[in-house]
Amino acid sequence: YNYGTTHQITATASTGSTFTGWSGDCDGTTSPLDVLIDGNKTCTATFALNTYTLTINKTGAGTVTSNPAGINCGSDCSESYNYGAEVTLTAIPVNGNIFIGWSNDGCTGQEDCIVIMNDIKEISVVFQKKFPWIMFLPAITKGIRQ
């Protein structure tokens, strides 16, 4: 570039990240950026991975854990994960309860739920008390007189 000219440079974030600013001989957080050529220049663009919140809404008695770690909740909870993170959720009913299933944001059924963090996610999980087992024994009345 010729001395004294101005050139425009642009930082373009890829999917799942955000441009955060310039460093080196360039300064600021705008893109594109006009750079005055008054000598050799070194400009570095910095990007950060986007983070998204995964929220667990729980009904009934049980806990939810995650891999990678972050979620370990006995009640409703949330955790932030980087864009693209693959989070495996496991439902664990407390004693006397059963796991009914997942719903929302692609989670269904009763298997572990795998969530790809590419946006804000909200997952519901339902636990329910086991039905009580009642045993009826027939009355033995033979030989009983009133």
Side-chain angles (χ1 to χ4, degrees), residues 1-140:
Y1 299 105
N2 292 328
Y3 183 86
T5 61
T6 300
H7 291 275
Q8 195 173 72
I9 58 175
T10 302
T12 304
S14 58
T15 302
S17 64
T18 302
F19 169 68
T20 59
W22 299 100
S23 61
D25 293 321
C26 296
D27 188 27
T29 58
T30 60
S31 180
L33 178 71
D34 290 332
V35 179
L36 174 62
I37 306 301
D38 57 359
N40 291 330
K41 299 282 182 169
T42 300
C43 299
T44 302
T46 304
F47 301 88
L49 275 176
N50 295 341
T51 58
Y52 298 103
T53 302
L54 171 59
T55 301
I56 305 297
N57 297 314
K58 190 177 71 64
T59 302
T63 61
V64 175
T65 61
S66 68
N67 184 14
I71 290 180
N72 187 357
C73 55
S75 60
D76 296 349
C77 63
S78 62
E79 183 66 37
S80 293
Y81 292 96
N82 286 338
Y83 172 85
E86 183 176 291
V87 182
T88 301
L89 299 174
T90 302
I92 306 162
V94 297
N95 199 14
N97 289 265
I98 58 173
F99 170 52
I100 298 299
W102 305 101
S103 61
N104 300 336
D105 276 326
C107 286
T108 59
Q110 295 179 319
E111 301 296 320
D112 286 354
C113 175
I114 298 175
V115 180
I116 306 298
M117 295 304 297
N118 55 7
D119 202 348
I120 295 169
K121 304 283 183 168
E122 189 168 332
I123 309 293
S124 296
V125 60
V126 177
F127 299 96
Q128 177 180 304
K129 287 186 180 272
K130 290 181 184 178
F131 292 108
W133 293 97
I134 300 172
M135 183 178 291
F136 293 99
L137 298 174
I140 301 175

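What you are looking at is a predicted structure, and each value in this text was computed from that prediction instead of being measured.
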Point-to-point distance, once rounded to the nearest 0.5 Å, from CD1 of I56 to SG of C113: 7.5 Å

Rounded distance (nearest 0.5 Å) linking atom CD1 of I92 with atom CG of N97: 13.0 Å

Neighbour count above 12 (heavy atom, 6.0 Å) for K129 NZ: no

Starting from the C-alpha separation in whole Å, work towards a yes-or-no answer on side-chain hydrogen bond (donor to acceptor under 3.5 Å, both in side chains) for T18 and N50. CA-CA 6 Å; T18 302; N50 295 341; 2.4 Å; yes

Would T90 and D112 satisfy side-chain hydrogen bond (donor to acceptor under 3.5 Å, both in side chains), going step by step from the backbone distance to the final call? CA-CA 5 Å; T90 302; D112 286 354; 3.3 Å; yes

Criterion side-chain contact (heavy atoms from CB on, under 4.5 Å) on Y3 and D38, from CA distance to verdict: CA-CA 5 Å; Y3 183 86; D38 57 359; 4.0 Å; yes

Side-chain heavy-atom pair Y52, N118 within 4.5 angstrom cut-off: no

Note: S78 and T53 closest approach over all heavy atoms is CB-CG2, 3.7 Å

Looking at every non-hydrogen atom in both residues, tell me the closest pair between T20 and A48 and how far apart they are. CG2-CB, 3.8 Å

Inter-residue atom distance L54.CG - K121.NZ, 0.5 Å rounding: 9.0 Å

Going by heavy atoms in the side chains, are P32 and I9 under 4.5 Å from each other? no

Side chains of E122 and N57 in contact at under 4.5 Å (non-hydrogen atoms): yes

Heavy-atom nearest pair, L36 first then G4, reads CD1-O, 3.7 Å

Distance check, rounded to the nearest 0.5 Å: S14 atom OG versus F47 atom CZ? 7.5 Å

Here the gap from L89 atom CG to W102 atom CH2, rounded to the nearest 0.5 Å, amounts to 4.5 Å

Closest approach of F127 to A91 (non-hydrogen atoms, all atoms of both residues): CZ-CB, 3.8 Å

Please find the pair of heavy atoms, one from D34 and one from Q8, that lie closest to each other, and give the distance. OD1-NE2, 3.3 Å

Of D27, L33, T46, T44, the one forming a side-chain contact (heavy atoms from CB on, under 4.5 Å) with W22 is L33

Take Y81 and S66 through the test side-chain hydrogen bond (donor to acceptor under 3.5 Å, both in side chains) and record every step on the way to the result. CA-CA 11 Å; Y81 292 96; S66 68; 3.0 Å; yes

Tightest non-hydrogen contact, residues A45 and A11, listed as CB-CB, 3.9 Å

Got a second to check how far I123's CD1 is from N104's CG, nearest 0.5 Å? 6.5 Å

Is there a side-chain contact between Y1 and V35, using heavy atoms and a 4.5 Å cut-off? no

Does a side-chain heavy-atom distance below 4.5 Å link F99 with V126? no

